[in-house]
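Lettering follows sequence order; numbering is per chain, from 1.
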Amino acid sequence: MKRYKPKPRLYRGFRDIFASDLLMRQQMLDSIREVYELYGFAPLETPAVEFVETLGKFLPESQTPDGGIFSFQNEDDEWIALRYDLTASLSRVCAQYKDIQRPFRRCQVGPVYRLEKPGPDHFREFYQFDFDTVGTKSMMADAEGCCVLCDALEKIGIERGNYLIKVNNRKILNGVLETSGVGLIDTSTDDSRAMNVLRSIDKYDRIGLKGVKELLTTGREDASGDVMKGLGLSENEISPILEYLQVGTGDRVEVCDQLESIVGNSEIGMKGIEELREIDKNLRCLGYEEGQIVFDPTVVRGLGYYTGPVFEAVLTFEVKDEKGRVKSFGSIGGGGRYDDLVKRFTGQEVPATGASIGVDRLLEALKLVGKLEERSTSTSVLVAAMDKNHLFDYQLIAKELRSAGINTELYLGNKGIGGQFKYADKCKIPLVVVAGEDEFSAGELQIKDLEAGRELAKEVLDRETWRKDRPAQFAVKREDLVAKIKETLNL
RNA sequence: GCAGCUGUAGCUCAGUUGGAUAGAGCGCCUGACUGUGGAUCAGGAGGCCGAUGGUUCAAGUCCAUCCAGCUGUACCA
């Protein structure tokens with residue numbers, strides 16, 4: 001009789017994550033959380049599923065959700081979706097629980113979902129680690145956001161100089177748009193001229209000044225032959241934009257001065273520059289240098305909800321991947337000020353600012369840099385089950401080690417002692433405790449240090465010698481077991 | 001989404017102008033070695049050649065469509 005057998009397979013853009021990656025991720029998350037909590041951000045957890053209206057992702061003029069999110073209808077025909085970031089849920093929480101004390105400072109880690117084209121380091125389910133302050137207009141909160149990002153990156157082992165926080169202000173971008181005559185940002189429509197100009201500015205680091213100019217005017221054809229039609233701006237309109245792009249990322253005060261000469265006539269632009277100056281004062285007071293945090297007028301970030309300062313964390317070093325190709329990591333996090341997010345629910349203006357670290361991308365980077373201890377298990381000791389007559393003794397040995405806080409596995413398979421060593425070797429368990437009749441009657445146990453043995457095995461020995469010498473193995477008195485194991489593990 | 005490239009064993013890949021039972025290395029399993037990882041040696045398992053249709057006496061090989069992956073580009077709240 002034939003039965004239907006499902007093929008084991010993964011849905012596009014999703015993945016299984018095994019112990020070695022998870023153990024590294026955990027190390028990283030612990031470090032980040034430690035920094036967030038140092039600044040007084042309290043943890044929060046919300047569901048992965050929200051109403052689409054909560055996420056604000058209905059398409060304009062239509063009853064259907066944005067195509068970029070995973071959505072479905074419940075039994076009452078309401079649209080439900082997987083969250084695409086943690087900020088929308090935060091604003092819902094702030095609108096829903098009215099007695100929350102403000103400023104509300106929370107951090108949150110969890111998976112988010114986006115229905116986009118997946119790639120090598122680009123999945124449809126990935127982790128973000130956010131921190132936000134809701135209910136403060138103070139630029140100190142925005143400056144603090146940058147500091148938190150710096151501290152967190154350094155805490156996980158990225159040295160100063162290998163990362164950079166790039167800061168800009170949406171108000172200044174608005175100022176340029178106003179000065180050029182393109183008009184202010186209107187977030188209600190996706191296809192306005194202002195939006196498209198911002199998209200072009202965002203590409204500056206990739207396509208350069210010439211490329212941006214082409215996009216703003218006549219259009220551009222890239223190396224693959226793809227054609228993008230231009231926005232058809234006039235010379236007068238593009239000239240302040242091009243001047244703006246060339247300000248660069250020098251001294252923070254100088255950047256502000258230069259920006260002032262370009263957008264000085266725009267009220268909103270001036271406001272943005274004032275905000276940056278205030279952030280700079282804060283950063284200087286705290287000792288955060290230009291090498292860590294710069295003002296970069298070309299930073300745009302997502303188009304959606306930012307209203308003031310925006311920042312982006314990038315890794316500045318390059319690394320070769322397994323195939324020897326140069327890999328550079330772009331943005332590994334970022335954030336900014338969003339003063340209108342809670343307003344959607346309550347009508348009240350609630351100023352807020354915060355940022356987020358892209359956990360998976362950062363993890364990939366750290367793996368290639370070798371900043372994390374790579375382990376395929378957290379188990380330290382395997383108690384070998386050699387003699388069926390002593391199974392309960394093995395249990396008690398394992399229990400004793402566990403009571404001492406040592407991660408211990410009792411071998412539960414059906415292989416002989418040789419197979420058990422092989423198992424420990426493959427699983428990267430560093431120590432094996434072995435005992436048989438001889439040891440029990442002598443009141444002893446054998447400890448084998450597999451990692452030390454691996455080193456010894458590099459000199460080629462014949463089988464007989466290898467077995468007879470029992471490399472990296474020694475006997476201990478039964479009562480010294482825990483102490484000796486701890487010593488060997490450097491605990 | 002659009003364009004180009006790729007899809008053969010768990011992994012990395014061979015496979016002639018279309019030609020008979022589809023190969024290698026690594027890994028895996030078994031044994032030499034019933035109380036010791038590695039090295040060595042001997043043996044073994046493992047494949048609807050991404051899927052479906054077509055051309056042909058004959059398809060891993062050619063054509064079409066689909067699926068998946070890679071590269072670029074667009075979008076990325």
(request) Could you tell me the separation between the CG atom of A/L198 and the P atom of B/A77, rounded to a whole number of Å? (result) 12 Å

(request) Would you give the length of the straight line joining atom CG of A/L184 to atom CG of A/N174, rounded to the nearest 0.5 angstrom? (result) 4.5 Å

(request) Side chain of A/A457 only, please: which of B/G38, B/G35, B/U73 is the nearest? (result) B/G38

(request) Report which part of the nucleic acid A/G419 touches: base, sugar-phosphate, or nothing (heavy-atom distance under 4.0 Å, all strands). (result) nothing

(request) Have a look at A/E275 and tell me which of A/K137, A/R337, A/K171 forms a salt bridge (Lys or Arg N to Asp or Glu O under 4.0 Å) with it. (result) A/K171

(message) Quick check for you: among B/G35, B/G37, B/U71, whose closest atom lies nearest to any side-chain atom of A/P120?
(response) B/U71

(message) Any strand counts, and the cut-off is 3.5 Å on both contacts for Watson-Crick or G-U wobble. Which nucleotide pairs with B/A3?
(response) B/U71

(message) Side chains of A/R193 and A/N196: any donor to acceptor distance under 3.5 Å?
(response) no

(request) Answer yes or no: side-chain N or O of A/Q446 and base N or O of B/U36 forming a donor-acceptor pair under 3.5 Å. (result) no

(message) With rounding to the closest Å, how many angstrom separate the C1' atoms on B/C29 and B/G46?
(response) 10 Å

(request) Taking only Lys NZ, Arg NE, NH1 and NH2, and the carboxylate oxygens of Asp or Glu, determine whether A/R361 and A/E364 approach each other closer than 4.0 Å. (result) no

(message) Could you check whether any side-chain N or O of A/Q420 sits under 3.5 Å from a backbone N or O of A/K415, counting only pairs where one atom can act as donor and the other as acceptor?
(response) yes

(request) Compare side-chain N and O positions of A/R206 against OP1 and OP2 of B/U73 and report whether any pair is under 4.0 Å apart. (result) yes

(message) Tell me whether A/K448 at atom NZ has more than 12 heavy atoms from other residues, nucleotides or ligands lying less than 6.0 Å away.
(response) yes

(request) Could you tell me the separation between the CD atom of A/E312 and the P atom of B/A77, rounded to a whole number of Å? (result) 10 Å

(message) Using only modelled atom types and a 3.5 angstrom limit, is any donor from either the side chain of A/Q473 or the base of B/G35 paired with an acceptor on the other?
(response) no

(message) In whole Å, I'd like the distance from the CZ atom of A/F421 to the C1' atom of B/G35.
(response) 9 Å

(request) Tell me which nucleotide among B/G69, B/G37, B/C75 gets nearest to the side chain of A/R12. (result) B/G69

(request) Examine B/C28: is either OP1 or OP2 under 4.0 Å from a nitrogen or oxygen in the side chain of A/K426? Give yes or no. (result) yes

(request) Give the rounded distance in Å between these two atoms: CZ of A/R470 and C1' of B/C33. (result) 13 Å

(request) Assign A/L456 to base, sugar-phosphate, or nothing according to its heavy-atom contacts below 4.0 angstrom with the strands shown. (result) nothing

(message) For a quick check of understanding: with a heavy-atom distance under 4.0 Å over all strands, which category does A/G418 fall into, base, sugar-phosphate or nothing?
(response) sugar-phosphate

(request) Would you indicate which nucleotide in B/A77, B/G37, B/U73 comes nearest to any side-chain atom of A/K117? (result) B/U73

(request) Looking at every strand, decide which applies to A/E439 at a 4.0 Å heavy-atom threshold: base, sugar-phosphate, or nothing. (result) base

(request) Look at the side chain of A/I417 and decide which nucleotide, out of B/G35, B/G37, B/C76, has an atom nearest to it. (result) B/G35

(message) Both distances below 3.5 Å, Watson-Crick or wobble geometry, any strand: find the nucleotide opposite B/A77.
(response) none

(request) Write down the distance separating the P atoms in B/C76 and B/G18, rounded off to the nearest Å. (result) 47 Å

(message) Does atom CZ (A/F51) have a neighbourhood of more than 12 heavy atoms from anything else shown, all under 6.0 Å?
(response) no

(request) Could you tell me whether A/D387 contacts a base, only the sugar-phosphate backbone, or nothing, with contacts defined as non-hydrogen atoms closer than 4.0 Å? (result) nothing

(message) Measuring only the P atom in each nucleotide, how far is B/U21 from B/G60? A whole number of Å is fine.
(response) 10 Å

(request) Both distances under 3.5 Å, Watson-Crick or G-U wobble: report the partner of B/C29, or none. (result) B/G43

(message) Is there aromatic stacking of A/W466 on B/G38 here, judged by a ring-centre distance under 5.5 Å and a plane angle under 30°?
(response) yes

(request) Please tell me which of the listed nucleotides, B/U73, B/G37, B/A77, lies nearest to the side chain of A/Y84? (result) B/A77

(message) For a quick check of understanding: with a heavy-atom distance under 4.0 Å over all strands, which category does A/Q420 fall into, base, sugar-phosphate or nothing?
(response) nothing

(request) Provide, to the nearest angstrom, the distance between the OH atom belonging to A/Y423 and the C1' atom belonging to B/U36. (result) 17 Å

(request) Sticking with atom P, work out how far B/U34 lies from B/G15, rounded to a whole angstrom. (result) 44 Å

(message) If I pick the P atom on B/G54 and the same atom on B/G7, what distance separates them, to the nearest angstrom?
(response) 24 Å

(request) Enter the distance from A/F126:CZ to A/R15:CZ here, rounded to the nearest 0.5 Å. (result) 10.0 Å

(message) Taking any heavy-atom pair under 4.0 Å as a contact, classify A/D469: base, sugar-phosphate, or nothing.
(response) nothing

(request) Look at the side chain of A/A472 and decide which nucleotide, out of B/G35, B/G37, B/A77, has an atom nearest to it. (result) B/G37

(request) Could you tell me which nucleotide pairs with B/C49 by Watson-Crick or G-U wobble geometry, both distances under 3.5 Å, or answer none if nothing does? (result) none

(request) Taking atom C1' in both B/U17 and B/U56, compute the distance separating them and give it to the nearest angstrom. (result) 16 Å

(request) Rounded off to whole Å, could you give me the CZ-to-P distance for the A/R463 and B/U36 pair? (result) 7 Å

(message) Under 4.0 Å from OP1 or OP2 of B/C75: is there any side-chain N or O of A/K203 that close?
(response) yes

(message) Which nucleotide, if any, forms a Watson-Crick or G-U wobble pair with B/G23, using both distances under 3.5 Å?
(response) B/C13

(request) Could you check how far CG of A/D66 sits from C1' of B/G1, rounded to whole Å? (result) 14 Å

(request) May I have the distance from A/D425 (atom CG) to B/G27 (atom C1'), rounded to whole angstrom? (result) 14 Å

(request) Pick the C1' atom in B/A20 and in B/C2, then give their distance to the nearest Å. (result) 44 Å

(request) From the options B/C76, B/G35, B/G38, select the nucleotide whose nearest atom is closest to the side chain of A/R114. (result) B/C76

(request) Hey, can you tell me if A/F440 and A/H390 have their rings parallel, tilted or perpendicular (30° and 60° cut-offs)? (result) parallel

(request) Would you mind classifying the nucleic acid contact of A/K57 as base, sugar-phosphate or nothing, using non-hydrogen atoms under 4.0 angstrom? (result) base

(message) It should be established whether A/R199 places a side-chain nitrogen or oxygen under 4.0 Å from OP1 or OP2 of nucleotide B/C76.
(response) yes

(request) Please state the P separation for the pair B/A59 and B/A42 - nearest whole angstrom. (result) 38 Å

